[in-house]
Asks: 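Dropping a structure here in structure tokens format, bear with me for questions.
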Protein chains: 2
Amino acid sequence: MATIRDVAKLADVSVSTVSLALSNPGRVSQKTLERIREAVQTVGYVVDPLAQSLARGRSRMIGLVVGNVGNPFFGDIRRELENYAIEHDHFVLITDSSGKPDRERALVEHLSGLKVAGLALAPSGYDQAYVDFVQNIKMPTVCFDQKVAGIDRDFVGSDNRLAGAMLTEHLLQLGHRRIAFIAGPKHMHTASERLRGFMDTMGSAGVEVNPNFIVDGQFTRSAGYEAAMRLLVQPERPTAIIGANNAVALAALQAMQELGFNCPDDISLAMIDDVQWSSVITPRITMVIQDTLKLGGIIARRILHRIMSPEGAADPAQDFVLSPKFVPGNSCKKL
Amino acid sequence: MATIRDVAKLADVSVSTVSLALSNPGRVSQKTLERIREAVQTVGYVVDPLAQSLARGRSRMIGLVVGNVGNPFFGDIRRELENYAIEHDHFVLITDSSGKPDRERALVEHLSGLKVAGLALAPSGYDQAYVDFVQNIKMPTVCFDQKVAGIDRDFVGSDNRLAGAMLTEHLLQLGHRRIAFIAGPKHMHTASERLRGFMDTMGSAGVEVNPNFIVDGQFTRSAGYEAAMRLLVQPERPTAIIGANNAVALAALQAMQELGFNCPDDISLAMIDDVQWSSVITPRITMVIQDTLKLGGIIARRILHRIMSPEGAADPAQDFVLSPKFVPGNSCKKL
DNA sequence: CTTCATAATCGAACCGGTTCGATATCAAAC
DNA sequence: GTTTGATATCGAACCGGTTCGATTATGAAG
């Protein structure tokens, strides 16, 4: 591997001039610049990112920390971030915390050790220790998906209350009154907002909510399955179920199938968030989806804005909240 | 941030002794070792991975390069690799090539610049230039999924011929003769082997294969959909379709549904590889799946073996080929 | 022909570690 | 009481860049 000293020797200038020429071509005379560029070509010099990061105290990498890289929700975000980063000569490191705050913390510390230029973080915690931890991250950081109270950082996400409200409204209009809701973890902002959207809409419509119809699915497949089972074995069953995320909704569908219920003839189903292959799942589930592409674009732009410009770095934290989109399927029956 | 010099000063030893003590505690006297450890604690010293990597010429990171991090096939592999890496104090960098050889190459070069200790690579190319590229990778590398002719590297994957054969055999036993096959890119080893498994089994059974029943789905959803459409609009339709991967099979299911065919009553369907939520897709598709957990374990162990031990580094390349597993669904009807 | 500001280039220190040959220490062997 | 050999520690060079104050070259103004 050719080093900067090889280039300097060949171009007959000092090492510092080469460094200067490469990072700030304007401050070097035309002649020397050309000589240096030529020398770079002939020796095949490529800057060593490790050495550069050590010297500069910052790398050209952006850390992406998510709870589950397999979730299609993160797919578009990752892609947008990568494309945008590449355009600006940066490189995205993807890491997966499996939704565990401990692991997430270890990952962030690792990334911090690598002196990443910025961080796109899908928060997985909520308590005070967690808030302090995120607050103390030294690098430019953009949080997304989960809004955490007390964290004063850029945030990019969707209007989850609205998402819950849209599905509820839809079912009410179809004549449903006995609507059940499989919720997520109470401490998660997305989960509580979606539930709030449901409750508010039911309240505004003057429909009473059976407390047994609110069950906790923890946003996971297994807990969602059990929650759905609890709903379905009640003597007085709901006529419709809203899954607060894709996992609990599909778990509910599975539970229905196993118990011999037909969806939508026996029970209607609606969910928040898309899944891969949703179009081949029978019935096609009515859902509210997030504009992941746009979310990803905003995250990418915001983080690079913070990284690249000095004034961007000083920008106060800002929230970007997008409206979700209603996508009708055929899983909801008119009563 | 405390540096090694702070530790040295506090423990009243030289910097080199601290370095030695930390990386090889046995070669330092008990007394000094304790003093150093104490000093490390009090100043809160943590080694700077960047500086260490620069000095050593190698980092404690492992690069994982896949074609699509969203594919559940990679999920288990990633998880196994991460867990195993963490146990051995390494860190996994996930990168996504989107299946493009160019991008993959850029990623590998990036990782190489970061001096990763090792590489787990799902190859996405096949031509001579690509082979040369992979052959010239300087770090310990384990390839997986796609076996590429000419690449002399460790390989971990499944018996794809067998996978194709198992599904074919199953359909033959159910009485099917007009079996169609939606294939993948010819140059991909997995694709050609799966097709070979189909052809061989049909041949052995003495069943002639209608050439129109072999269509190319490129392993993608869109091409798979078109290929399936071509199959389904023929006057003489197949009674069963095998999708060479999950994407083309589900695309075929979608095509069937849109044309009003019932699966399995009108046409049977079977596929290779699982998808998330396959259990809620109606009908549950009969499939052959890979033991991704075991594949991941082998990849992880193999790569760390090469990284950690000098004799491991010198090991000749080896192939690890696992048998896939048949998972019956209800998408195949007995004729 | 100086003078002086500006532009171009350089040298040295630094980022935070590792490594290796050299030196110091000490106990056992002669 | 030396010699010897092993063990412990050290100093300096190095990994490959960046940065900044100092120095030299350039050229316009006086």
Side-chain angles (χ1 to χ4, degrees), chain A residues 1-37 39-40 43-61 89 109-110 112-117 138-139 310, chain B residues 1-37 39-40 43-61 89 109-110 112-117 138-139 310:
Chain A
M1 275 294 88
T3 75
I4 198 172
R5 316 197 191 243
D6 299 328
V7 176
K9 207 171 295 171
L10 187 58
D12 196 34
V13 291
S14 77
V15 168
S16 47
T17 302
V18 177
S19 176
L20 188 64
L22 262 33
S23 60
N24 205 332
R27 259 183 283 181
V28 168
S29 77
Q30 269 305 319
K31 287 181 305 185
T32 42
L33 183 56
E34 268 168 38
R35 280 219 315 288
I36 288 172
R37 290 215 164 125
V40 166
V43 303
Y45 170 74
V46 183
V47 56
D48 181 327
L50 244 39
Q52 191 173 53
S53 303
L54 177 62
R56 285 211 231 227
R58 154 198 279 226
S59 73
R60 300 181 82 60
M61 302 186 287
D89 199 24
E109 270 156 17
H110 255 287
S112 163
L114 292 175
K115 308 269 191 304
V116 296
K138 297 292 182 296
M139 335 157 237
Chain B
M1 275 295 89
T3 75
I4 199 172
R5 322 210 183 230
D6 300 327
V7 176
K9 208 171 294 171
L10 187 59
D12 197 33
V13 291
S14 76
V15 168
S16 48
T17 303
V18 177
S19 177
L20 188 63
L22 262 33
S23 61
N24 205 332
R27 259 183 282 180
V28 169
S29 76
Q30 268 305 316
K31 287 181 305 183
T32 42
L33 182 56
E34 269 168 38
R35 281 219 314 289
I36 289 172
R37 290 212 163 129
V40 166
V43 303
Y45 171 73
V46 183
V47 57
D48 180 328
L50 244 40
Q52 191 174 53
S53 303
L54 177 61
R56 287 214 236 237
R58 152 197 282 226
S59 74
R60 300 182 83 60
M61 303 186 287
D89 199 23
E109 269 156 19
H110 255 287
S112 163
L114 292 175
K115 308 270 190 302
V116 297
K138 296 292 182 296
M139 336 158 236

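The figures that follow rest on heavy atoms only: side chains count, while hydrogens, waters and symmetry mates do not. Every chain is numbered from 1 and lettered A, B, ... according to where its sequence line falls, protein lines coming before strand lines.
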Asks: Remember a base hit wins even if backbone is also touched, and classify A:Val18 as base, sugar-phosphate or nothing at under 4.0 Å, heavy atoms.
Replies: nothing
Asks: Hey, which of these two, B:Val28 or B:Leu54, hits DNA chain D nearer its 5' end, going by closest nucleotide?
Replies: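 Closer to the 5' end of DNA chain D: B:Val28.
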Asks: How many Å lie between CG on B:Leu22 and P on C:dG16, as a whole number?
Replies: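 Answer to the nearest Å: 16 Å.
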Asks: Base, sugar-phosphate or nothing for B:Val7? Non-hydrogen atoms, less than 4.0 Å.
Replies: nothing
Asks: It should be established whether A:Ser16 places a side-chain nitrogen or oxygen under 4.0 Å from OP1 or OP2 of nucleotide C:dC10.
Replies: no
Asks: Nearest whole angstrom, please: distance from the C1' of C:dT19 to the CG of B:Asn24.
Replies: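 So the CG-C1' distance, B:Asn24 to C:dT19, works out to 12 Å.
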Asks: Checking all strands, does B:Leu20 fall into the base, sugar-phosphate, or nothing category for heavy-atom contacts under 4.0 angstrom?
Replies: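 Base, at least one base heavy atom under 4.0 Å.
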Asks: Give the C-alpha distance, both sets of side-chain angles, the deciding distance and a yes or no for side chain to side chain contact (heavy atoms under 4.5 Å, CB included) between B:Asp48 and B:Gln52.
Replies: CA-CA 6 Å; B:Asp48 180 328; B:Gln52 191 174 53; over 6 Å; no
Asks: Phosphate oxygens OP1/OP2 of D:dT9: is one of them under 4.0 Å from a side-chain N or O of B:Thr32?
Replies: yes
Asks: Apply salt bridge (charged side-chain N to carboxylate O under 4.0 Å, His left out) to residues A:Arg60 and A:Asp89 and explain how you reach the verdict.
Replies: CA-CA 7 Å; A:Arg60 300 181 82 60; A:Asp89 199 24; 3.3 Å; yes
Asks: If you pin B:Val15 and A:Lys31 to their nearest nucleotides in DNA chain C, which one's is more 5'?
Replies: A:Lys31
Asks: To the nearest angstrom, how far is B:Leu50 atom CG from C:dC14 atom C1'?
Replies: 15 Å
Asks: If you define the side chain from C-beta out and look only at heavy atoms, does anything of B:Val46 sit under 4.5 Å from A:Glu109?
Replies: no
Asks: May I ask you to verify whether the side chain of A:Arg56 and the base of D:dG17 hold a donor-acceptor pair under 3.5 Å?
Replies: no
Asks: With a 4.5 Å heavy-atom cut-off, do B:His110 and A:Pro49 have their side chains touching?
Replies: no
Asks: Could you state the CD-P distance from B:Gln30 to D:dT7, rounded to the nearest angstrom?
Replies: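 Computing the B:Gln30:CD to D:dT7:P distance gives 15 Å.
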Asks: Are side-chain heavy atoms of B:Val13 and B:Val18 found at a separation under 4.5 Å?
Replies: yes
Asks: Can you find a heavy atom in the side chain of A:Ile4 that is under 4.5 Å from one in the side chain of A:Ser19?
Replies: yes
Asks: Name the nucleic acid region contacted by A:Val13, choosing base, sugar-phosphate or nothing; use a 4.0 angstrom heavy-atom cut-off, strictly under.
Replies: sugar-phosphate
Asks: Looking at D:dG16, I'd like to know if its phosphate oxygens (OP1 or OP2) sit under 4.0 Å from a side-chain N or O belonging to A:Gln52.
Replies: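 For A:Gln52, the contact criterion (side-chain N or O under 4.0 Å from OP1 or OP2 of D:dG16) is not met.
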Asks: Round to a whole Å and report the spacing from CD of B:Glu34 to P of D:dA8.
Replies: 14 Å
Asks: Distance check needed: C:dC15 C1' versus A:Asp48 CG, whole Å only.
Replies: 13 Å
Asks: So for A:Ser19 and D:dG17, does any side-chain atom that can act as donor or acceptor lie under 3.5 Å from a complementary atom in the base?
Replies: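 Looking at the base of D:dG17, it does not pair with any donor or acceptor on the side chain of A:Ser19 (distance under 3.5 Å).
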Asks: Give a yes/no answer on whether the side chain of B:Thr3 brings an N or O atom under 4.0 Å of OP1 or OP2 in C:dG16.
Replies: no
Asks: Below the 4.0 Å mark, does C:dG17 have OP1 or OP2 next to a side-chain nitrogen or oxygen of B:Tyr45?
Replies: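 Yes.
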Asks: Across the strands shown, which category fits B:Ser29 at heavy-atom distances under 4.0 angstrom: base, sugar-phosphate, nothing?
Replies: sugar-phosphate
Asks: Measure the distance from CD1 on B:Ile4 to C1' on D:dC14 and round it to the nearest whole Å.
Replies: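 After rounding, the reported distance stands at 15 Å.
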Asks: Quick one: A:Arg58 CZ to D:dT19 P, roughly how many Å, whole number?
Replies: 11 Å
Asks: Can you work out whether A:Ser14 or A:Arg5 has the more 5'-proximal nearest nucleotide on DNA chain C?
Replies: A:Ser14
